[in-house]
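Just below is one structure, and these are the notes that go with it.
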Amino acid sequence: MEYNFNEIEKKWQQYWAENKTYKAKIDYNKPKYYVLDMFPYPSGAGLHVGHPLGYIASDIYSRYMRLKGYNVLHPMGFDAYGLPAEQYAIQTGTHPEITTYKNIDRYKEQLNKIGFSFDWDREVRTSDPSYYKWIQWTFIQLFEHWYNNNTNRAEHINELIKEFETNGNKKVQAACCEVREFTADEWKNLNEKEQQEILMNYRLAYLSNAMVNWCPVLGTVLANDEVQDCFSERGGHPVERRLMKQWSLRITAYAQRLLDGLEKINWFESLKEMQRNWIGRSEGALVRFHFSPTPSKEEKTTPLPFREDLKGICIEVFTTRPDTLWGATFMVLAPEHELVEKITTPDREEKVMEYIKWAKNRSERERIAEINNITGEFTGAYSINPVNGKEIPIWIADYVLMGYGTGAIMAVPAHDSRDFKFARHFNIPIIQVVVKDGEELSDPFSWEDSYDSKEGKMVNSGIINGMEVKKAIKKTINRIEEMGVGYGTVNYRLRDAIFSRQRYWGEPFPIYYKNGIPYTLDESKLPLKLPEVDKYLPTESGEPPLARAKNWVTDEGYPLETNTMPGFAGSSGYYLRYMDPHNDKEYFSKKANNYWRDIDLYLGGDEHATGHLIYARFWNMFLYDLGLVCEEEPFKKLINQGKIQGRSSFVYRITGTNKFVSYNIRNNYKTNRLHVDINLVDNDILNIEAFKKWQPEFCDAEFILEEGKYICGWEIEKMSKSKHNVQNPDDLIEKYGADTFRLYEMFLGPLESHKPWDTKGIEGVFRFIKKFWRLYHDEQNNFYVSDETPTKEELKILHKTIKKIQEDIKRFSFNTVVSTFMICVNELTDLKCTKKAILEDLTVLICSYAPHIAEELWLLLGNNKSITYATFPVFNKEYIKENTFIYPVSFNGKMRFKLELPVDMPVKEIEKLVVSDDQAQKWIIGKQIRKIIIVPKKIINIVVNQIVVNNQFLK
RNA sequence: GCCCAGGUGGUGGAAUUGGUAGACACGUUGGACUUAAAAUCCAAUGGGCAUUGCGCCCGUGCGGGUUCAAGUCCCGCCCUGGGUACCA
């Protein structure tokens, strides 16, 4: 039979679906293995060749683990909420659900053609009420819990209320917003609203003011990447930064655990490093700077933190370098700092206000990135440096951000490069307080940059003079604690996650308002379904789209929340739902979670390194605190697959004409470069006739050819419609089959690296698969295998292959596995091997890569069950034993010839043999042997000196 | 700006722990088969010099360094990609 992939693939895809071959069930007799891909957002453009890269890799791994005897859970679902569908809805009026479901159908159809071993019975869609019910449920839990820093876990808010009723909040150590101290009696005397307001400061899901990009014309909040230079990307309307009431999740409560948890998981070190930097733990001190004139002694010694009456008379700063306090010569507040207005002197007001107006709307990224654009204004106010009593000026500048630390810094220009630039620019004194080891005190005005290192000794620093930096930091913290002007503390860069979106297409919050106080819906009311609206736009008064819904109130008539949840709500805990996707009583059962536990292998793009992967870990940790999940870390092993980039083709039109000039002679003309559809180009040669028909404007185009051909230029770019370089898998599968497609995607290169897509190479893989098929067939294309005993040589090839494949799969090097198959098939073909004993094992080896052809051959080999649950061949090292090793012999590190020697030959003997070898003489004569390095079964290197001495003598 | 990753022939890539740079493919060239094409098979293929005797020199983004030995380790730079908190 001819290799008919269309028929074979259709047949087996149907077989797998009908027999539910990949359905996963709890089976206590087998070890579990959970392989997951980050689920896709189903975009309107359908799947392109970049999407399946990770899915193919995870599918290969899943199939491999099944062969190794594991009970594999390998599900797939859809991240169904997203802006594109909403945008489309705004433009066309089509309900985003219709668009999304249509796209999902297309995705599934495309995915199924590739032959994935997904358990589709477990599919989840985030926009499905039966799924988002549990997101809403989790939100309620977050609302009803607070983080106890004493027990280091989330606890129910009722426990906190009890504590308030007995002791007030004096003993409470919580991850919370600023709360003033109160007693039990005070608490009891508060009314409902006041109590709720206090509790809001403790909840893990809480309402607070957050800075957002508000676009008044569009009446909505925009994402950072929808804003360009203070204008909306769509429409170019002005955007301002504005405080708005937003739901947030108190992820910062988990900062330390998120950091510590990284030690327990098997991720790339670089990825962990990114998360560490994102969490950004820094140890230091909080220091209070009072305003001039100096406050009374009493005020100074009042203990921190958070005394309302202290506010307005001191500025709190966080510093990682309290040792440099003596070198603090000015302070800088973020322009949006609430004290700025209070402290600015009348003569400065105009300039300061102008600056604030300008700085406020700049994006954070600009503010941090523009390191050489130094701006700021003096407020006219001074504060007192608490350690030496000196007056220092208070400035505002946009390089200080409100969102980090306290929104204010003490500036130490001698030892911080940003402060240094600022001081230079505005002529503020610079005092050196740290001297590098082995250097002398010098005049900072002669410096080119600050000295930021934590190495050295203190100078000009009162009581800490002469101390090493590390010791000085400790001493200073003690000192400021004694003085009551600060304390040692840890700060994190991580910020709480804003959880409100002013959009339609997202999960509604299970929240209603009574007298303006938010309350959660009763669990029995879940899911709170997304209501119908007449338009997907904000209301005229700027309220979110849900405000358009009729009767968007509870049964009692209380108004429901009109914000919806963000994209990461649905994607933070979806992997848990796959464990028990049809459970309508709970998020997932204890039984299912205890069995499947965590994800053994998680694959996805590295763009999720600090977004999804932090939120999901947080989500999981919270559920862990609630006792719902048994593993604190959800993703044991994680791999980032690279992106596939497009390879664009270009034609060169002579400017102002309809004449096109071939690539290598284009420089003789003045040309414009145009993207051309990659389907019209083969091996960089343009199909001129097809090009003329492509677009009407080219129908009478003329061409200047080289050697009778039109050669196109090319470039690697993002794959996108507008660049005409999108390749979808369907056409390729049609032409070469899914097995070839799967192998080719793996063959492209290492899974983790970004690589350009080029269909040229697929022919080679297709040739390979046909050659593989021919191994099992005679010259008339009839299936034929023999029962003869395999030769030593054949067994060696097979076992060499088994070994290499196992090693490579273990390190997720799928591309080299494909090469290994090619080498194996080439070698077996050369030997004209037809032995069933060899070919049957080879079928199993390849079945996780090319499952359709493997199933077909498996059947022809006489098996009556799917190859899915076959056993992976066992490697036997006896078959690949070698008696000799071919040593590369180098002289001074350069390989000159090869020498075959027995593997067990002692080093001494090799040494003797190699110097007396004929081939070696040429390199030895006239030189002196300095050293001979022999690494058994690796290399021989002979070091000779370069100087020619007496030939006679050397002989 | 900051954090992370990457840079090897004409192309995709291999070289797993510092030990033969370029496996395996694509492409190209030449050849076989064929009326022809497709398919298939064979050979050559990093650059340069030399050439029928082999051979020799250079070569992994750039500049230094460590080492018997560096694509791999260290220092400094250049370029590309991702993230930078509401794209997914």
Side-chain angles (χ1 to χ4, degrees), chain A residues 38 40-41 43 79 81-84 212-213 221-227 246 268-271 273-274 276-278 280 364-372 399 403 418 493-503 566-568 571 605-612 614-615 640 642-643 645 647 683-684 714 716 718 744 747-750 752-765 767-768 770-771 774 807-808 810-811 813 815-816 818-823 826 886-898 922 930-933 935 938-944:
Chain A
M38 289 182 189
Y41 172 76
S43 85
D79 188 11
Y81 284 127
L83 281 184
V212 294
N213 301 311
V221 172
L222 298 175
N224 280 342
D225 58 45
E226 294 175 300
V227 183
Q246 304 269 299
F268 292 128
E269 201 44 48
S270 59
L271 183 59
E273 194 60 23
M274 265 197 263
R276 282 187 201 111
N277 292 331
W278 187 260
E364 276 193 16
R365 208 179 301 174
E366 280 173 345
R367 285 169 58 170
I368 318 166
E370 290 176 14
I371 191 166
N372 290 318
Y399 78 95
R418 209 83 209 244
R493 203 183 69 105
L494 186 70
R495 302 204 292 251
D496 282 341
I498 300 174
F499 205 62
S500 301
R501 299 291 181 267
Q502 295 67 41
R503 308 278 179 189
F568 68 85
S571 61
D606 59 2
E607 67 273 24
H608 300 288
T610 49
H612 164 62
I614 289 235
Y615 295 132
N640 293 129
K643 271 199 187 39
Q645 297 143 311
R647 186 185 193 271
N683 204 10
D684 291 336
W714 61 272
I716 304 301
K718 216 187 202 146
Y744 183 56
F747 189 61
L748 273 180
E752 321 85 85
S753 52
H754 302 285
K755 53 216 157 221
W757 178 259
D758 195 343
T759 45
K760 271 197 304 195
I762 200 168
E763 291 282 351
V765 176
R767 264 171 229 165
F768 155 74
K770 283 187 290 188
K771 199 169 176 179
R774 279 202 302 276
E807 284 168 0
D808 285 358
K810 213 169 165 185
R811 64 191 177 102
S813 174
N815 56 325
T816 51
V818 180
S819 302
T820 305
F821 284 134
M822 287 175 170
I823 292 166
N826 286 344
I886 301 169
Y887 279 93
V889 181
S890 1
F891 291 83
N892 293 343
K894 267 186 192 153
M895 209 279 286
R896 296 303 181 181
F897 63 89
K898 285 172 188 172
K922 181 174 167 189
R930 282 276 159 99
K931 207 179 195 177
I932 300 177
I933 287 126
V935 183
K938 273 256 163 74
I939 198 172
I940 299 170
N941 188 20
I942 300 170
V943 187
V944 294

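Chain letters run A, B, ... following the sequence lines, proteins first and then strands; every chain starts at 1.
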[X] [atom1] to [N] [atom2], straight-line distance once rounded to whole Å:
| X | N | atom1 | atom2 | value |
| --- | --- | --- | --- | --- |
| A:R930 | B:C68 | CZ | P | 12 Å |
| A:I368 | B:A85 | CD1 | C1' | 10 Å |
| A:N224 | B:C87 | CG | C1' | 11 Å |
| A:W757 | B:G12 | CH2 | P | 15 Å |
| A:R501 | B:A85 | CZ | P | 12 Å |
| A:Y887 | B:C68 | OH | C1' | 17 Å |
| A:F747 | B:C24 | CZ | P | 10 Å |
| A:D684 | B:C26 | CG | C1' | 12 Å |

Beyond-backbone contact of [X] with [Y], side-chain heavy atoms, under 4.5 angstrom:
| X | Y | result |
| --- | --- | --- |
| A:V221 | A:R501 | no |
| A:V889 | A:R896 | no |
| A:H612 | A:M38 | yes |

For atom [atom1], what is the distance between [N] and [M], given to the nearest Å?
| N | M | atom1 | answer |
| --- | --- | --- | --- |
| B:A37 | B:G31 | P | 12 Å |
| B:G76 | B:C4 | P | 14 Å |
| B:G59 | B:G71 | C1' | 11 Å |
| B:G63 | B:A15 | C1' | 25 Å |
| B:A32 | B:U16 | C1' | 40 Å |
| B:C42 | B:U35 | P | 22 Å |
| B:C87 | B:A39 | C1' | 47 Å |
| B:G7 | B:U60 | P | 14 Å |

Under the rule for ring-ring contact (aromatic ring centres under 6.0 Å, His included), what residues qualify as partners of [X], not counting sequence neighbours?
| X | answer |
| --- | --- |
| A:F747 | none |
| A:Y615 | A:F568 |
| A:F821 | A:Y849 |

Base contacts versus sugar-phosphate-only contacts with protein, heavy atoms under 4.0 Å: please encode nucleotides 14-22 of chain B as B, S and - from 5' to 3'.
SSB--BB--

With sugar-phosphate taken as primed atoms, P, OP1 and OP2 and all else as base, the protein-contact string of nucleotides 38-56 of chain B at under 4.0 Å (heavy atoms; B, S, -) is -SSS-------------SS

RNA chain B: stems of at least 3 consecutive Watson-Crick or G-U pairs, cut-off 3.5 Å?
B:1-7 with B:78-84, B:10-12 with B:24-26, B:27-32 with B:40-45, B:46-49 with B:55-58, B:61-65 with B:73-77

Set of residues satisfying salt bridge (Lys or Arg N to Asp or Glu O under 4.0 Å) with respect to [X], sequence neighbours excluded:
| X | answer |
| --- | --- |
| A:E366 | A:R362 |
| A:R495 | A:E364 |
| A:E752 | none |
| A:D758 | A:R647 |

What does A:V889 touch in the nucleic acid at a heavy-atom separation under 4.0 angstrom: a base, only the sugar-phosphate, or nothing?
nothing

Would you classify A:S500 as touching base, sugar-phosphate or nothing, given that sugar-phosphate means primed atoms plus P, OP1 and OP2, and contacts are heavy atoms under 4.0 Å?
base

Is it the case that A:N826 and A:K771 place a side-chain donor and acceptor less than 3.5 Å from each other?
yes

Any side-chain donor near an acceptor of the partner, A:D808 and A:T816, under 3.5 Å:
yes

If you restrict it to nitrogen or oxygen atoms, what contacts under 3.5 Å exist between nucleotides 81-83 of chain B and the protein, and what is each distance?
unit_1 : atom_1 : unit_2 : atom_2 : d
B:G83  : O2'    : A:T610 : OG1    : 3.3

Non-neighbouring partners of A:K922 that pass side-chain contact (heavy atoms from CB on, under 4.5 Å), sequence neighbours left out
none

Please lay out, stage by stage, how A:L748 and A:N815 fare under the test side-chain contact (heavy atoms from CB on, under 4.5 Å).
CA-CA 7 Å; A:L748 273 180; A:N815 56 325; over 6 Å; no

Does a side-chain N or O of A:N372 approach OP1 or OP2 of B:G1 to a distance below 4.0 Å, or not?
no

A:K760 side chain near B:G27 phosphate (N/O to OP1/OP2, under 4.0 Å)
no

Using side-chain contact (heavy atoms from CB on, under 4.5 Å), reason through A:V943 and A:F891 one step at a time and then give a plain yes or no.
CA-CA 6 Å; A:V943 187; A:F891 291 83; over 6 Å; no

Taking the chi torsion of B:G82, is it syn (within 90° of 0) or anti (everything else)?
anti

For the side chain of A:L748, starting at C-beta, report the closest nucleotide among B:A25, B:G12, B:C68.
B:G12

